[in-house]
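Within every chain, numbering begins at 1; the chains are lettered A, B, ... in the order of the sequence lines, protein sequences first and strands thereafter.
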Amino acid sequence: MNDDRDTATPLLRVSDLGYSYGQRPACREVSFDLYPGEVLGIVGESGSGKSTLLSCLSGRLDSGPGHVWYDRRPDGLVDLATLSEAERRLLMRTDWGVVQQNPRDGLRMGVSAGANIGERLMAVGDRHFGTIRSVAADWLTEVEIGLDRMDDLPLSFSGGMQQRLQIARNLVTGPRLVFMDEPTGGLDVSVQAKLLDLLRRLVTDRSLSVILVTHDLAVARLLAHRLMVMKEGRVVEDGLTDQVLDDPHHPYTQLLVSSMLQV
Amino acid sequence: MSDQTGYNFAYLDEQTKRMIRRAILKAVAIPGYQVPFAGREMPLPYGWGTGGIQVTAAVIGPADVLKVIDQGADDTTNAVSIRRFFARTTGVATTTKTTEATLIQTRHRIPEHPLSEGQIIIYQVPIPEPLRRMEARDSETRKMHALQEYGVMHVKLYEDIVRFGRIATSYDYPVRVNGRYIMAPSPIPKFDNPKMDRMPALQLFGAGREKRIYAVPPYTRVESLDFEDHPFEVQRWEQACALCGAADSYLDEVVVDDQGGRMFVCSDTDHCAGRRQGADGTLQLLLPKDAAQ
């Protein structure tokens with residue numbers, strides 16, 4: 001997949017991005033390219049700026065210095081800062097997805113599972129109840145939630161089901177880029193394993209580009225093609241996942257890798 | 001003229017009325033857009049029509065004829081109090097007849113008799129924000145209006161169909177004004193929604209607690225939201241009005257005894273009385289079959 005790197009346009013290009021909470025910088029001088037179909041893992045300990053970076057990229061925080069370009073069909077790479085707010089929000093609703101760590105942040109808890117999936121369709125102008133419902137049913141099947149749960153509130157779902165529902169809700173408009181913040185956080189290991197299988201299948205089938213923030217190196221190894229290691233707001237090492245994990249160069253990455261639990 | 005001394009005409013001072021009129025002008029210029037205004041304390045509790053009263057006070061003149069209805073009736077507490085309030089603070093003529101009124105302040109109904117050019121109907125609004133039930137943050141709802149992100153309104157209708165097999169929302173049914181803003185029509189029954197569409201009269205909405213004014217100018221498009229395969233429908237009754245025999249008006253169910261007896265009567269009392277008015281001026285009881293003749 002690296003052969004056509006030089007000629008292909010990246011889907012997302014980030015240069016010298018930074019963000020500060022008041023005087024306290026949370027991430028600094030982050031630059032990278034993300035290519036179509038690529039899964040980029042961002043790892044690091046708590047407080048290293050991973051989630052802030054993700055929020056900046058996905059437009060949930062107004063970014064500080066630096067630029068983010070996105071390949072918006074058909075006009076090619078555009079600087080997100082030059083888009084109007086309406087265009088940015090449309091992009092977020094259709095071409096992007098955001099899977100939150102806590103499904104309660106990403107789901108509408110007061111409406112049924114079907115409506116949660118259908119919301120994006122209605123937001124882009126779908127006005128046919130039957131169509132919306134059948135698409136929602138297809139997606140529930142896709143994420144392995146029984147159709148008999150379609151009209152139940154997400155409140156009555158288990159954590160793993162809520163997370164799967166959140167994924168379905170994001171993928172229903174066929175986004176090209178998905179941001180995931182600790183998608184397996186708070187789930188027990190067997191549910192985690194199922195969710196990882198599901199994610200891997202969805203990502204491959206739809207050749208999604210994903211930016212995945214996690215502190216769990218095992219998750220990163222399973223899903224990510226490339227890794228970026230962050231410490232104190234800076235990227236200290238990046239490369240292919242296996243390369244970074246098997247032959248860590250930076251002392252901090254070495255510490256991270258050696259801290260992994262072996263069962 | 002006013003029979004009360006110590007009050008300005010229509011209770012509010014002139015500067016306040018000017019402020020409200022400015023808000024009204026802006027609201028008329030942007031149909032369906034909620035204009036904030038510096039709502040005043042009125043001598044009645046929030047939820048009783050403080051918004052409607054302020055709008056009425058700002059537009060009323062000595063030559064106006066005022067009608068006030070509550071749930072369609074001219075003789076309910078809220079309607080009587082507000083009508084008397086304006087009679088005492090302005091001295092204008094009041095009426096119960098829809099056709100004779102120039103200003104109609106209403107809670108929960110639009111009169112059955114079609115309104116005409118030159119009339120103004122003023123709605124009392126408890127919750128002006130149609131997106132409120134889906135989105136609690138005001139900063140976010142304002143953004144959604146600005147960017148026309150109205151997908152969530154259909155999420156609510158979707159939930160209705162899932163639960164009840166049809167769109168069960170029966171009052172305060174969301175509408176789109178002039179193809180742009182989604183607007184809460186105040187808690188009128190959806191039976192009245194079609195009357196708002198291209199109405200010749202000016203429609204003003206006042207929300208006192210939330211301090212918002214919005215408007216629909218005459219002859220403006222007002223569409224009720226729906227799905228292609230679940231189109232908008234109004235309520236229907238199997239009965240006709242038990243007093244006047246009208247089969248095309250909005251009916252209230254009235255319990256008449258403790259044996260389960262009940263009757264359906266027009267909610268619009270003026271409409272009902274008008275139909276029953278005999279040549280000699282007395283009220284007749286028309287049975288449904290008489291009305292059909």
Test item: I132(A) and F227(B) side chains (from C-beta on) under 4.5 Å apart, heavy atoms
yes
Return yes when atom CZ of R13(A) has more than 12 non-hydrogen atoms of other residues, nucleotides or ligands closer than 6.0 Å, and no otherwise.
no
Distance-minimising heavy-atom pair for S112(A) and Y158(B):
OG-CE2, 3.9 Å
Enclosure of R18(B) CZ (heavy-atom neighbours >12, cutoff 6.0 Å)
no
Residues that F232(B) engages under ring pair (Phe, Tyr, Trp, His ring centres under 6.0 Å), provided they are two or more places apart
Y173(B)
Does atom CZ (R262(B)) have a neighbourhood of more than 12 heavy atoms from anything else shown, all under 6.0 Å?
no
Residue part contacting chain B, namely of R93(A), when any heavy atom lies under 4.5 Å
side chain
Please assess V162(B) against R133(A) for the test side chain to side chain contact (heavy atoms under 4.5 Å, CB included), listing each intermediate value before the final yes or no.
CA-CA 9 Å; V162(B) 163; R133(A) 203 159 162 80; 3.4 Å; yes
Could you tell me whether a side-chain N or O of E149(B) sits under 3.5 Å from a main-chain N or O of A123(A), the two making a donor and an acceptor?
no
Sort H154(B) into side chain, backbone, both or neither according to what part of it lies under 4.5 angstrom from a heavy atom of chain A.
both
Could you tell me which non-hydrogen atom of G110(A) sits nearest to which non-hydrogen atom of R163(B), and how far apart they are?
O-NH2, 4.3 Å
Against chain B, label I117(A) side chain, backbone, both or neither, depending on which of its atoms sit under 4.5 Å from a heavy atom there.
neither
Is the count of non-hydrogen atoms from other residues, nucleotides or ligands lying under 6.0 Å from R133(B) atom CZ greater than 12?
no
Within a reach of under 6.0 Å around CD of Q235(B), are more than 12 heavy atoms found that belong to other residues, nucleotides or ligands?
yes
Between V155(B) and M122(A), which heavy-atom pair has the shortest distance, and what is it?
N-SD, 3.6 Å
Got a second to check how far D229(B)'s CG is from T131(A)'s OG1, nearest 0.5 Å?
6.5 Å
Evaluate side chain to side chain contact (heavy atoms under 4.5 Å, CB included) for D226(B) paired with F129(A), printing each intermediate quantity in order.
CA-CA 9 Å; D226(B) 59 2; F129(A) 178 79; over 6 Å; no
Side chain / backbone / both / neither for M134(B) at chain A, heavy atoms under 4.5 Å
both
The reported gap from CD in E85(A) to NZ in K143(B) (rounded to nearest 0.5 angstrom) is 4.0 Å
